[in-house]
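What follows is one structure encoded as structure tokens, with my remarks underneath.
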Number of protein chains: 2
Amino acid sequence: MNPSIKDVAKLADCSTATVSRVLAGKGYISESARKKVEEAVKELGYRPNRVARSLRAQKSRVIGLVLSDIRNPFFSEISRAVEQVAFQHGYNVLICNTDEDSTREEHYLKLLEEEQVAGILLSPTRNRVQKLNTVSTVPLVLFDRKFPKSTLDSVIIDNEAAAHALTRTLIAGGFKRIAGIFGARSYTASARISGFKSAFEGQESFIAGTHQIDAFEEEGNRLTKKLLNDDVPPDAILCSSALLATGAFRAIKEMKLRVPEDIGFACFDDPSWATFVDPPVTVIRQPAQAIGESAAELLMKRIEAPDRPVSEITLQGELIQRASTGGN
Amino acid sequence: MNPSIKDVAKLADCSTATVSRVLAGKGYISESARKKVEEAVKELGYRPNRVARSLRAQKSRVIGLVLSDIRNPFFSEISRAVEQVAFQHGYNVLICNTDEDSTREEHYLKLLEEEQVAGILLSPTRNRVQKLNTVSTVPLVLFDRKFPKSTLDSVIIDNEAAAHALTRTLIAGGFKRIAGIFGARSYTASARISGFKSAFEGQESFIAGTHQIDAFEEEGNRLTKKLLNDDVPPDAILCSSALLATGAFRAIKEMKLRVPEDIGFACFDDPSWATFVDPPVTVIRQPAQAIGESAAELLMKRIEAPDRPVSEITLQGELIQRASTGGN
DNA sequence: CTGAAAGCGCTAACAA
DNA sequence: TTGTTAGCGCTTTCAG
């Protein structure tokens, strides 16, 4: 058994309250007492039991970060930013991965609340608002995705504008039949689809299809092959995430098509390979770090002031034009 | 305030002990009592406080997974496997990201222990065994990396054999001056370096350099550019991880070199882009899923039987030969 | 079959 | 400046 505060008190010949005060560094403590306690702590290798502490305090210095896909570099980037901010405020971050599975999301949300975390950062998998009732008592900030008219803090990018710009780049490159591949039903997907669609207004190009699938690499690969084997295949493809794009770009290469001559290509996120494949890929880079930081800061504020007004922060994606969209 | 077990007991008109028994599903309970309690639970939306439970039980149903780099797909793959196994055994997984920073590693190890997790899975950042004294009381299983002569369970791949095979492929492709880029000091790096070196025995090719750097994309990029700008640059590069490889391959492309004509290339892990870049890259694919599963299973066993003998599981990497190593 | 009571390790009143 | 004490929410003897 690990030593408890009692053991320390016994060794330092004082009460547990004194030990506690020394540890917390508050209240009045004599120099001699402090010294004795510190020695005892060191000698026993004492470390406070956070579970007891949390039970007592009815909260902990831990926040939960619920990611919909840990393999998505966009989310890992965010998690690093979150950790950084949290650390500065004295919080620790525990990460949960839902793999876009709303059952697991619910499970983790419950777990985190039952673990009495101080707050939760979430990129919700689906559009079902009821879910969030399960964590009603815990400060919660949404990032990357939000709900239509929710009363929760959120940090997202202007997905509609970004999708619009990306699609327009493809149109400007001379592509006529553009297929869009988006993640499954979510606020983000809807917004991007709006932007995608609105980009065609008053243009000669048209939509060759708007697809929503699970945002996994293999799904993107499968669908792309299917589309390109159609009787009238699209002449350009837009993917709404790095994972989808990886699968799609692989499909294009597997089918020995040339980009942009045979097929145009553009995607969200800035996959690690986007600059060194042939040709480099036009992308919307999401300010992942800024998103993570803002979300974490918002959560810290919400924890400290649960009744503050709701903030909805919208950041802008950055269009990076490369050769895959032709034109220029 | 969330309802506590007392509230449930009051509403169900029984003692907290009865509620607890119903919840745990053990001990003798009358049908009528069970029903009343279940109704009360539902009505109040009661959810047990895990912190209190853990404090009482002196342990939790949570295991910690400490990753050295959450952005590395190899680790995210592992984390998914770990979660799957853990779930089957009724455990939840909390992920901590150290970014190869041993201070943060230590921090998280302490945190997890203080949070009374049931066990920890760790890919240790550095070779300092003392560190692990800080978690001496918690069941701990190492994966991906281990220590020379430790008394801890571990799951790794045969890094020496894998590096040997990968290097031999490069040599067979006719490359003469091969540079190896490895992650910073770790058991894994050492083993791979051994395999790298031993591959040259009795061969005409020789080592153009054995480099150890932080396993980040930018580092790989920087070093590769530097190497290729040398007076006598290497004619092939071997990278010991996907992240390093991404940076290195990007450097090669940025310098407009042709692979394998100007420079040979091979790496560990199987980056998502390895099949569709020009040319496809020869790799050692690590059985990430198997590693994660084995490690998690080992941990489950260790938790249930703390005194069982130490297991060291070694899996084999798979050589996937593609065009970047020339030959054939 | 059920309830009373103790106690996990810690902190915060309150008293001294 | 320090100690005593109560209690966070839960489970688990031990009696009944």
Side-chain angles (χ1 to χ4, degrees), chain A residues 1-38 40-41 44-62 110-118 137-138, chain B residues 1-38 40-41 44-62 110-118 137-138:
Chain A
M1 206 49 233
N2 285 333
S4 81
I5 198 169
K6 270 189 196 159
D7 301 312
V8 177
K10 198 173 294 171
L11 188 61
D13 194 33
C14 64
S15 75
T16 60
T18 302
V19 177
S20 176
R21 279 188 283 254
V22 171
L23 263 40
K26 57 186 177 183
Y28 302 96
I29 298 126
S30 68
E31 205 41 58
S32 66
R34 155 168 287 118
K35 197 158 281 172
K36 274 198 299 182
V37 168
E38 279 167 354
V41 165
L44 293 172
Y46 168 77
R47 289 221 311 284
N49 180 326
R50 282 187 195 249
V51 174
R53 218 176 237 186
S54 298
L55 177 61
R56 175 66 229 235
Q58 297 294 319
K59 67 178 175 218
S60 70
R61 291 297 272 187
V62 172
K110 274 191 187 169
L111 175 69
L112 289 171
E113 189 184 12
E114 289 170 12
E115 292 281 6
Q116 313 292 117
V117 296
T137 54
V138 180
Chain B
M1 203 54 229
N2 286 333
S4 81
I5 198 169
K6 270 189 196 159
D7 302 313
V8 177
K10 198 173 294 171
L11 188 60
D13 194 33
C14 65
S15 74
T16 60
T18 302
V19 177
S20 176
R21 279 188 284 255
V22 171
L23 261 41
K26 57 185 177 185
Y28 301 97
I29 297 126
S30 70
E31 205 40 56
S32 66
R34 154 168 287 119
K35 195 158 286 174
K36 273 197 299 184
V37 168
E38 280 166 354
V41 165
L44 294 173
Y46 168 75
R47 290 220 311 284
N49 179 325
R50 284 189 194 248
V51 174
R53 211 175 245 184
S54 298
L55 177 60
R56 175 63 228 236
Q58 296 296 315
K59 67 180 176 219
S60 71
R61 292 296 273 186
V62 171
K110 274 191 186 169
L111 175 69
L112 289 172
E113 189 184 12
E114 289 171 12
E115 292 281 5
Q116 313 293 116
V117 296
T137 54
V138 180

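Quick note on labels: first sequence line is chain A, next is B, and so on, each numbered from 1. Bear in mind that the values here come from a model prediction, so they are computed numbers and not experimental data. Note: hydrogens, waters and symmetry copies are ignored here, and every other heavy atom, side chains too, is used.
- B/Leu23 has its side chain within reach of B/Val41: a pair of non-hydrogen atoms, C-beta onward, lies under 4.5 Å apart.
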Give the intermediate values and the outcome of side-chain contact (heavy atoms from CB on, under 4.5 Å) for residues B/Thr18 and B/Lys36. CA-CA 10 Å; B/Thr18 302; B/Lys36 273 197 299 184; over 6 Å; no

So if I define the base as every atom that isn't primed, P, OP1 or OP2, how would nucleotides 1-7 of chain C read as a B/S/- string at a heavy-atom cutoff under 4.0 Å? BBBB-BB

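- B/Leu44 is listed as a side-chain neighbour of B/Leu11, based on a closest heavy-atom distance under 4.5 Å.
- Between the NZ atom of B/Lys26 and the C1' atom of D/dC10 there is a distance of 13 Å, given to the nearest Å.
- Distance B/Lys10 NZ to D/dG9 P: 12 Å, rounded to the nearest Å.
- Closest approach to the A/Tyr46 side chain among D/dC10, C/dC10, C/dG9 is made by C/dC10 (side chain taken as heavy atoms from C-beta onward).
- As a whole-Å value, the separation of A/Leu55 CG from D/dA6 P is 18 Å.
- Contact annotation: A/Gln58 reaches the phosphate of D/dG9 (side-chain N/O to OP1 or OP2, under 4.0 Å).
- Rounded to a whole Å, the NZ atom of B/Lys6 is 8 Å from the C1' atom of D/dG7.
- For the side-chain hydrogen bond (donor to acceptor under 3.5 Å, both in side chains) criterion with A/Arg50, the lone passing option out of B/Gln116, B/Glu114, B/Glu113 is B/Glu114.
- The CZ atom of A/Arg47 sits 12 Å away from the P atom of C/dC10 (whole-angstrom rounding).
- Between B/Cys14 and B/Val37, the closest side-chain pair of non-hydrogen atoms falls below 4.5 Å.
- Listed here is the closest heavy atom pair of A/Val19 and A/Ile5: CG1-CG1, 3.5 Å.
- Here D/dC10 presents its P atom at 18 Å from CZ of B/Arg61, a figure rounded to the nearest Å.
- Going from atom CD of A/Gln116 over to atom P of D/dC8 covers 13 Å, rounded to whole Å.
- For A/Lys59 and D/dG9, the NZ to C1' distance is 17 Å, given to the nearest whole Å.
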